[in-house]
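These notes are about the structure you will find just below.
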Amino acid sequence: MKNFQCDFHLESDKLISVKTDREYKNPVVQLKRSSSLLRQLLQSLKLNYLVEASVIFINPEFTLYRAPMDLPIILPTQVNRFFNDLNKTPSKLNDGHKKLAQKLISLHQTKNPFTTLPKYFYEQQKKGVYCKICMSFEVSIKNNEFVCEKCGCHEKIEEAIFRHTKELMLLFPERKITTQSIYEWCNVDLNRRTFSRALKKHFTAFGVTSDTYYK
């Protein structure tokens, strides 16, 4: 599943933003690799199952131009119909399905090989609001939204504050979440009351007045 937003078009094997002409990783290429690896795994287990894979774009504000009809793509307007068709497909579990499930569970890796993170420090991190799509810091405020100057993505100010707050909590769980800390982390020209309202809506406040923090 992909949550791309705004307008894109396909050109050969490239996924390109209409507004910025920036190229993104083509999820169809990623899909082909993933489905191929799954088929190889099933073959190695001597399990004969059909693998049908699709890229599902779930964001209703996503538009894709020049998409060939034969690509395994489900567009936002097709998502409900796609799942309804799945639910209507008759199916019956047998011992083979149970064997497959048990084998996949046994192969599950409980330890993430990428859990070793490099050391990082709060003071070294770039502060500011960045685009949720292209990660650019070139955003401006227009009509109660952050608008990316590169890809044209729009995001409500409150949603962006919530996103950056979760990011700070993940990166630095030892730091208290306060209006001031989020104000500094977002580093944007907004009234502190805007941050306070967003935090009160999404988190529980503890303490009073200047000692208030959120969880």
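We're numbering straight along the sequence, starting at 1. The figures here come from the full heavy-atom set of this structure, side chains too, leaving out hydrogens, waters and symmetry mates.
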Check your understanding: If we only count heavy atoms from C-beta on, is the Leu107 to Leu41 side-chain gap below 4.5 Å?
Key -> yes

Point to revise | Qualifying residue for ring-ring contact (aromatic ring centres under 6.0 Å, His included) with His164, from Tyr130, Phe137, Phe146 | key: Tyr130

Point to revise | Separation of Phe62 CZ from Thr77 OG1 (nearest 0.5 Å) | key: 11.0 Å

Review point. Linking I/L/V/M/F/W/Y whenever any side-chain heavy atoms sit under 4.5 Å apart, do Ile105 and Leu100 land together?
Key: no

Check your understanding: About how many Å separate CG of Leu15 and CZ of Phe4, when rounded to the nearest 0.5 Å?
Key -> 5.5 Å

Check your understanding: Does any non-hydrogen side-chain atom of Tyr214 lie less than 4.5 Å from one of Ser196?
Key -> yes

Exercise for review: For Lys2 and Val55, work out which heavy atoms get closest and say how close.
Suggested key: CG-CG1, 4.2 Å

Practice item. With the side chain counted from C-beta on, respond yes when Val188 and Ile157 share a heavy-atom pair under 4.5 Å apart, and no when they do not. Key: no

Exercise for review: Decide whether Gln40 and Ser36 meet the rule of one side-chain donor and one side-chain acceptor closer than 3.5 Å.
Suggested key: yes

Exercise for review: Determine the interplanar angle of the Phe8 and Tyr24 rings, folded into 0 to 90°, and report it as parallel if under 30°, tilted if 30 to 60°, perpendicular if over 60°.
Suggested key: perpendicular

Practice item. Name the orientation class of the two ring planes belonging to Phe172 and Tyr120 (parallel below 30°, tilted from 30 to 60°, perpendicular beyond 60°). Key: perpendicular

Practice item. Take atom CG of Asp189 as the centre, draw a 6.0 Å sphere, and report whether it contains more than 12 heavy atoms from other residues, nucleotides or ligands. Key: no

Practice item. Please assess Ser136 against Glu149 for the test side-chain hydrogen bond (donor to acceptor under 3.5 Å, both in side chains), listing each intermediate value before the final yes or no. Key: CA-CA 8 Å; Ser136 169; Glu149 302 297 336; over 6 Å; no

Point to revise | Transitive ILVMFWY side-chain link Leu71 to Phe57, under 4.5 Å | key: yes

**Study point:** More than 12 heavy atoms of other groups within 6.0 Å of Lys19 NZ
**Key:** no

Check your understanding: Is the shortest heavy-atom distance from the side chain of Ile141 to the side chain of Val129 under 4.5 Å?
Key -> no

Check your understanding: Does the side chain of Trp185 reach to within under 4.5 Å of the side chain of Gln125, using non-hydrogen atoms?
Key -> yes

Check your understanding: Rounded to the nearest 0.5 Å, how far apart are CZ of Arg197 and CG of Asn191?
Key -> 7.5 Å

Revision key, fill the gap. Tightest non-hydrogen contact, residues Gln5 and Cys153, listed as OE1-SG, 3.7 Å

Check your understanding: Does the Arg175 side chain pair with the main chain of Ser181, one donor and one acceptor, at a distance under 3.5 Å?
Key -> no

Review point. Heavy-atom distance under 4.5 Å between the side chains of His202 and Lys166, does that happen here?
Key: no

Check your understanding: Minimum heavy-atom separation for Ala205 to Thr212, with atom names?
Key -> CB-CG2, 4.0 Å

Practice item. Can you measure from CD (Gln102) to CG (Asp95) and round to the nearest 0.5 angstrom? Key: 9.5 Å

Review point. Taking Arg192 for the side chain and Tyr183 for the main chain, is one N or O donor matched with an acceptor at less than 3.5 Å?
Key: no

Point to revise | Polar side-chain atom of Asn94 near backbone of His97 as donor-acceptor pair, under 3.5 Å | key: yes

Point to revise | Any donor-acceptor pair under 3.5 Å from Tyr49 side chain to Gly96 backbone | key: yes

Exercise for review: Report yes or no: does Ser34 contribute a side-chain atom to a donor-acceptor pair with the main-chain N or O of Gln30 at less than 3.5 Å?
Suggested key: yes

**Study point:** Note, His154 side chain near Glu61 side chain (heavy atom, < 4.5 Å)
**Key:** no

Check your understanding: Is the number of heavy atoms from other residues, nucleotides or ligands within 6.0 Å of CG (Asn48) greater than 12?
Key -> no

Practice item. Establish whether Phe82 and Ile73 are linked, either directly or via other cluster members, by ILVMFWY side-chain heavy-atom contacts under 4.5 Å. Key: no

Practice item. May I ask you to check whether Phe203 and Tyr213 place their ring centres under 6.0 Å from each other? Key: no

Practice item. Heavy atoms only: give me the nearest Cys151-Cys6 pair and the separation to one decimal. Key: O-SG, 4.4 Å

Study note, to complete from the structure: So OG1 of Thr194 and CG of Asn144: to nearest 0.5 Å the spacing works out to 8.0 Å

Study note, to complete from the structure: Output for pair (Asn84 CG, Gln78 CD), nearest 0.5 Å, gives 13.0 Å

Check your understanding: Is Ile74 reachable from Ile58 through a run of I, L, V, M, F, W or Y residues, each pair having side-chain heavy atoms under 4.5 Å apart?
Key -> yes

**Study point:** Side-chain heavy atoms of Gln180 within contact of Glu184, under 4.5 Å
**Key:** yes

**Study point:** Exam field: side chain Tyr122 to backbone Leu171, donor-acceptor pair closer than 3.5 Å
**Key:** no

Practice item. Answer yes or no: does atom CD of Glu52 have more than 12 heavy-atom neighbours from other residues, nucleotides or ligands under 6.0 Å? Key: no

Check your understanding: Do you know which two heavy atoms are closest between Ile161 and Thr165, and how far apart they sit?
Key -> O-OG1, 2.7 Å

Review point. Same cluster or not: are Leu31 and Met1 linked, directly or through other Ile, Leu, Val, Met, Phe, Trp or Tyr residues, by side-chain heavy atoms under 4.5 angstrom apart?
Key: no

Exercise for review: Return the minimal non-hydrogen interatomic distance between Leu10 and Pro68, and the atom names on each side.
Suggested key: CD1-CD, 4.3 Å

